[in-house]
Amino acid sequence: MAKVRDKNTDSIFWEWELNERQREAVEHMGSPLLILAGAGSGKTRVLTYRIANLIKSHGIKPWEILAITFTNKAALEMRDRVISLVGPTAKEMIIATFHSACARILRKEIEKLGYSSRFVIYDEADSIRLITSCLSELGYDMRQYHPRGLRAHISSLKNEMIDPDVAGINSSNPFEKVAAEIYSLYQQKLKDNDALDFDDLLLLVINLFEIYPDVLKKYQERFRHILVDEYQDTNMPQYMFIKMLAGEHRNLCVVGDDDQGIYSWRGADIRNILEFEKDYPDARVIKLEQNYRSTQTILDAAGAVVSYNRSRKPKVLWTKNPPGDRVKVCVVPDERAEASFIVSEIKRLAENHKARYSDIAVFYRVHAQSRSLEEAMVREGIPYRIFAGVKFYERAEIKDIIAYLRVIHNPRDSISLKRIINVPSRGIGLKTLSVVEEYAGRTGLYLLDALKDADEIQALGRMAKNKIKSFVELLEDLITFSREHGVDELIEEIWTRTGYMAELEAEKTVEAESRILNLKELLNVVVDFRDQYGAVTLEDFLERVALVNEIDDYDEKAGYVSLMTLHNAKGLEFPYVFITGMEEGLFPHSRSMEDSKDIEEERRLCYVGMTRAKKGLYLLRALSRSYRGISFSAMPSRFLLEIPDAFVEELSWSDERGIEQHPLEVEIGDTVIHEMWGEGVVLEVRGDGDDGEVSVDFETVGVKNLMLKYAPLKKLT
DNA sequence: CTAAAATTCCTTTTT
DNA sequence: GGAATTTTAG
């Protein structure tokens, strides 16, 4: 635990708490500071001590400090740690993610930009729905232009800070032209709904700062000291945001590691960190290379992999920790065997090494891999938890209730209104809705106001009018109710008044039962949130729900094994780590295999995963993996081959019957190709191989450097 | 209008 | 193989 020495000394910290470099990083003042912090080098400690030092030794007021972290969880953790160093006064500083910091600023200032301060934040699904409605409004074929793809495209346009009116202007690509058209309608519709998407949160703040220099000035004065964590993963708007805010006082401290940049696909630009010294020529650069987390062997193995990357700043991590065990590499027949291997190894660790379940994590490249793992955990009765992005809030029943809350908070939010208008079903179907929408479009009314006007709409039958009327009354009652009651009571009122809960209870199925539990969990979220922050307004709660992700709820004391994607693993650490699916095509993912830049990012992802482990690291590879129902054979991931043998221990695996599994062998014509990598032919294989025959398409990519991509599994005996 | 059946896409990673 | 959406039958 950290101890703080009393005031009046130059250094307020016990010297043994920090190493030389760390202390420099904590104490440096007077110019921008870049901390290149290798994995496990204690950067969180440096950041918290630095904040504490600002407050304690330099008389900086907590509210003058803005610290940006990557997740809400990291923010909360850092906050607690600073509080333990300097006391409750630290509560007044702002530690938040980019998105929540911006949301906070916008709640105060957004009216200057013509939005209401009651704006809602749309998640990806909401955006997609809105884009869908843009497509149909402009009469485009949804098969030809996928809303998902358009959303991704528009999001990257936004991340490159390209405005709708200039997007696709001199593009000959028809997709880009359509995207640009959709983009501007989408943006306008967002505004009509008083809604912002994730990207807008950043963009509008920048916009605000550009148009109103006095507002920028106000925040520059307010946030005199700015700290940014995970700087290698910032994108252009985030970079601009920081640059503007820090522009005046230049008390900027950024921390990052170019080897851990894994978000370029969402616009993160690693150059932000590599060129920090260009942006701030007087910047001080401090490297942290001593690792406190992992064994030397894990570090060497991970370092060997990442050293294959060409574009990186060379660095070598070292540690005083013991060398530890070798990295265990295990080859298994398929994903089921992979899961049961992991489960039995977890049991062994728990018994022989007194490991707790919470000491163990299993990582995978894509969410789909979690299924087989989950099945094995359930089968063997091992408590586990899957951290799946935002899954809880994506469940239909949760989104339904949230949609009610959103409409109650801001009746202009027509996307949410459309979601609940017939949930639970109250006889207002698609036809009725489209008539009302048409009326709303013609008169320029908001959807809710159009509903209130139902009597005026000729095309509506008497039945429909009555149904609409009672729905509008229901909403008005709920809005009235919300003025005098807390969020938790409001949620319960929604359940009962709408009959939502009664309907679920009447269903008496397992699914309905679990939905009821989920709804009760939502109530718990409200209560927990209140315990943490005091009184909760509807607005606070909706914002929290929009920006939170499940990793934020991660609790290290609880006794369960953690399952998550490699991306979610960033910033966490576990004594024992299993990385699954070490196969070409899966990890590195096939979609990243054409471009060496993408491969390098995959390699960094591998590095991130490996360096999460403190004591034990397992890498698993299946000979065959089923994908969309068909099973494919796969070659070992190149990352496995990049680890020198000296750091590796190969584990053999035998199935329940004790038959040892062998690598694949494929017959093509007269040629038998044994397991191989590096050379050969790229093959697309059709057929399942069950009948011993498959058809093979040769898809040659170049002549020399070819390899076997997928092949049917054939066991040797 | 609803419920069941058929069809389609999916799977990279997320604030 | 399965969720999610769209089509069809009642």
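Residue numbering restarts at 1 for every chain, and letters A, B, ... go by the order of the sequence lines. All figures in this text were calculated on a predicted structure; none of them were measured in a lab.
Aromatic stacking is not marked for A/Tyr263 over B/dT13, as the cut-offs of 5.5 Å for the centres and 30° for the planes do not both hold. Residue-nucleotide stacking is not present for A/His567 and B/dT13, judged by a side-chain ring centre under 5.5 Å from the six-membered base ring centre and planes under 30° apart.
With hydrogens and angles ignored, the 3.5 Å screen pairs a side-chain donor or acceptor of A/Asn422 with a backbone N or O of A/Gly427.
In summary, the side chains of A/Asp258 and A/Gln232 do not present any donor paired with an acceptor at a separation below 3.5 Å, with no hydrogens or angles considered. A side-chain N or O of A/Asn309 and one of A/Arg603 form a donor-acceptor pair less than 3.5 Å apart.
A cation-pi arrangement, defined by a distance under 6.0 Å to the six-membered ring centre and an angle within 45 degrees of its axis, is absent between A/Arg604 and A/Tyr607. Judged by the 6.0 Å and 45° rule, A/Arg266 forms no cation-pi pair with A/Phe198.
Helical stems in DNA chain B, defined as runs of 3 or more consecutive Watson-Crick or G-U wobble pairs with both donor-acceptor distances under 3.5 Å, are listed by first residue as B:1-10 with C:1-10.
Of the side-chain N and O atoms in A/Asn568, none sit less than 4.0 angstrom from OP1 or OP2 of B/dT13. Between A/His99 and the phosphate of B/dT14, there is no side-chain N or O to OP1/OP2 separation shorter than 4.0 Å. Contact between the side-chain N/O atoms of A/Arg148 and the OP1/OP2 oxygens of B/dT11 is found at a separation under 4.0 Å. Contact annotation: A/Thr565 reaches the phosphate of B/dT14 (side-chain N/O to OP1 or OP2, under 4.0 Å).
What separates CZ of A/Arg266 from P of B/dT14 is a distance of 9 Å, to the nearest Å. Summarising the geometry, the separation between CZ on A/Phe363 and P on B/dT13 is reported as 16 Å, rounded to the nearest angstrom. Rounded to an integer number of Å, the gap from CZ of A/Arg151 to C1' of B/dT14 is 9 Å. Distance, A/Gln369 CD to B/dT11 C1': 10 Å, rounded to whole Å. If you take CG of A/Asn159 and P of B/dT14, they are 16 Å apart, rounded to a whole angstrom. One interatomic measurement links the two molecules: CG of A/Asn422 to P of B/dC1, which rounds to 8 Å at whole-angstrom precision. The CZ-P distance, from A/Arg625 to B/dT12, rounds to 15 Å in whole Å. Between the C1' atom of B/dT14 and the CG atom of A/Asn72 lies a distance of 13 Å, rounded to the nearest Å.
Among B/dC9, B/dT11, B/dC1, the nucleotide with an atom closest to any side-chain atom of A/His146 is B/dC9. When the nucleotides B/dT12, B/dT13, B/dC1 are ranked by their closest atom to the side chain of A/Thr432, B/dC1 comes out on top.
At a cut-off of 3.5 angstrom, the base of B/dT13 holds at least one donor-acceptor pair with the side chain of A/Arg365.
Here the separation of B/dT11 from C/dT6, taken at their P atoms, is 16 Å to the nearest Å. Spacing of C1' atoms, B/dT12 relative to C/dT5, comes out at 22 Å, to the nearest Å.
Shown here is A/Arg379, whose CZ atom has more than 12 heavy atoms of other residues, nucleotides or ligands within 6.0 Å. Enclosure of atom CZ in A/Arg426 by more than 12 non-hydrogen atoms of other residues, nucleotides or ligands within 6.0 angstrom is indicated.
Nearest-nucleotide mapping onto DNA chain B: of A/Ala368 and A/Ser425, the residue sitting toward the 5' end is A/Ser425. When each of A/Gly427 and A/Phe98 is assigned the nucleotide of DNA chain B bearing its nearest heavy atom, the one mapping closer to the 5' terminus is A/Gly427.
Screening A/Tyr263, A/Phe363, A/Phe587 for a ring pair (Phe, Tyr, Trp, His ring centres under 6.0 Å) involving A/His567 leaves a single residue, A/Tyr263.
Across all strands, A/Leu202 comes closer than 4.0 Å to no nucleic acid atom at all (heavy-atom distances).
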